[in-house]
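These numbers come from a predicted model, not from an experiment.
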Amino acid sequence: MFTGYAEMLVSVSDGKQANELRRNLAQQRENARAVCMRSEGFDYVAAPAESILVLGPDLNASSREFAEQYGFGFSTLDIDSQRAQRNPNDSMYTSLGSTEQQSWDQALKRCDAEVRASDVEVRLAQIAKTIHEIGAAVQSDPDYVDAVRAWRDCLVSKGFSFDARTPQELVVEFGQRYQSLDNSARDSFKREELETAVASWECRQQLDSVTNRLTRQRLSEADRSLFQAVYDGK
């Protein structure tokens with residue numbers, strides 16, 4: 001399970017696995033929050049993870065299938081419809097008087113702080129640092145530098161114009177543009193997003209292969225016990 005969790009963090013796992021692991025972590029946090037809130041005197045229910053976070057499609061976001069169906073995921077995914085369940089605590093909260101709501105809010109802040117200070121969250125912070133270091137090492141590797149240059153040259157040869165230097169920056173670039181769109185431009189943006197995402201996928205096969213090889217190589221040197229403890233909730 002170490003490999004699955006670690007690879008999910010660096011985006012080299014499939015979407016179904018990533019959703020499972022994100023759900024696992026969210027539920028751990030919510031269960032701990034519920035225990036704390038009940039100790040504060042509130043009838044707080046541990047909400048299902050699906051009511052807390054939005055899960056993506058059960059597809060690898062790096063796959064051609066994802067690119068063809070969802071592009072980069074901005075104009076194509078209905079986020080609201082993907083939150084399958086309502087949080088059972090919402091109706092409980094709205095039924096409280098204003099004074100009780102203030103007490104709830106204060107208790108929730110204390111409990112969230114307690115959850116953030118838990119062993120799992122501390123390990124997550126350590127993992128984030130490790131993942132950042134792995135990413136920096138991968139991106140400075142000569143094989144990666146050559147592959148990302150080839151990806152960019154390939155897209156330019158297909159007639160695409162952009163400022164991004166990497167596939168990740170290209171996604172950010174589209175996200176920023178999407179945020180500033182008015183409704184009349186959304187259809188044309190969606191077409192451009194889908195076309196660019198597919199072209200980027202076609203151009204980045206060498207880059208993905210190099211990135212995954214270098215990433216897995218460095219993950220094999222990471223602290224397995226740290227990753228496994230986070231997944232198990234220990």
Side-chain angles (χ1 to χ4, degrees), residues 1-61 73 77-136 175 179 215 219 221-234:
M1 194 58 71
F2 156 78
T3 302
Y5 182 74
E7 291 185 358
M8 181 274 287
L9 286 172
V10 291
S11 302
V12 296
S13 66
D14 64 83
K16 185 175 183 179
Q17 183 182 54
N19 282 336
E20 176 190 348
L21 293 165
R22 288 183 62 221
R23 187 185 293 110
N24 181 291
L25 277 176
Q27 198 64 63
Q28 286 183 41
R29 290 168 174 151
E30 180 63 5
N31 291 345
R33 184 180 294 113
V35 170
C36 179
M37 286 293 284
R38 288 196 293 270
S39 73
E40 292 274 356
F42 293 96
D43 294 328
Y44 189 97
V45 178
E50 289 79 4
S51 70
I52 302 168
L53 75 168
V54 175
L55 300 173
D58 284 348
L59 292 173
N60 188 332
L77 292 175
D78 184 352
I79 298 300
D80 290 335
S81 69
Q82 292 180 63
R83 186 172 283 109
Q85 301 183 37
R86 293 185 61 82
N87 191 319
N89 297 293
D90 291 346
S91 58
M92 191 182 311
Y93 180 82
T94 56
S95 71
L96 299 174
S98 58
T99 301
E100 292 173 307
Q101 286 184 350
Q102 289 177 11
S103 297
W104 174 293
D105 292 339
Q106 292 169 359
L108 191 58
K109 284 184 180 180
R110 291 192 294 271
C111 288
D112 283 345
E114 183 177 305
V115 170
R116 287 194 298 272
S118 69
D119 289 343
V120 167
E121 297 300 321
V122 170
R123 291 191 188 100
L124 280 173
Q126 294 171 330
I127 287 174
K129 181 174 181 292
T130 299
I131 294 302
H132 176 76
E133 292 169 351
I134 288 173
Q179 292 299 320
T215 298
L219 280 173
E221 303 163 358
D223 184 353
R224 291 177 176 240
S225 64
L226 181 64
F227 286 87
Q228 187 64 52
V230 169
Y231 182 83
D232 291 340
K234 297 177 180 178

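With respect to Asn89, the side chain to side chain contact (heavy atoms under 4.5 Å, CB included) criterion is satisfied by exactly one of Thr94, Val45, Asp43: Val45.
Atoms CG and CE, on Asn87 and Met92 in that order, are 9.0 Å from each other to the nearest 0.5 Å. Distance check: Tyr93 OH to Leu108 CG gives 9.0 Å after rounding to the nearest 0.5 Å. Here the CH2 atom belonging to Trp104 is positioned 11.5 Å from the CD atom belonging to Glu40, to the nearest 0.5 angstrom. Note that CG of Asn31 is 13.0 Å distant from SG of Cys36, once rounded to the nearest 0.5 Å.
Residues Glu30 and Gln27 are in side-chain contact: their nearest non-hydrogen atoms beyond the backbone lie under 4.5 Å apart.
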For this session: Test side chain to side chain donor-acceptor pair (under 3.5 Å) on Asn24 and Gln28 and set out the steps.
Result: CA-CA 6 Å; Asn24 181 291; Gln28 286 183 41; 2.6 Å; yes
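A salt bridge does not link Arg110 to Glu114: none of the charged nitrogens lies less than 4.0 Å from a carboxylate oxygen.
Shown here for Arg38 and Tyr44, the closest heavy-atom pair between the two residues is NH1-O, 3.2 Å.
Taking the side chain to side chain donor-acceptor pair (under 3.5 Å) definition, one finds that Glu100 meets it with nothing, sequence neighbours left out.
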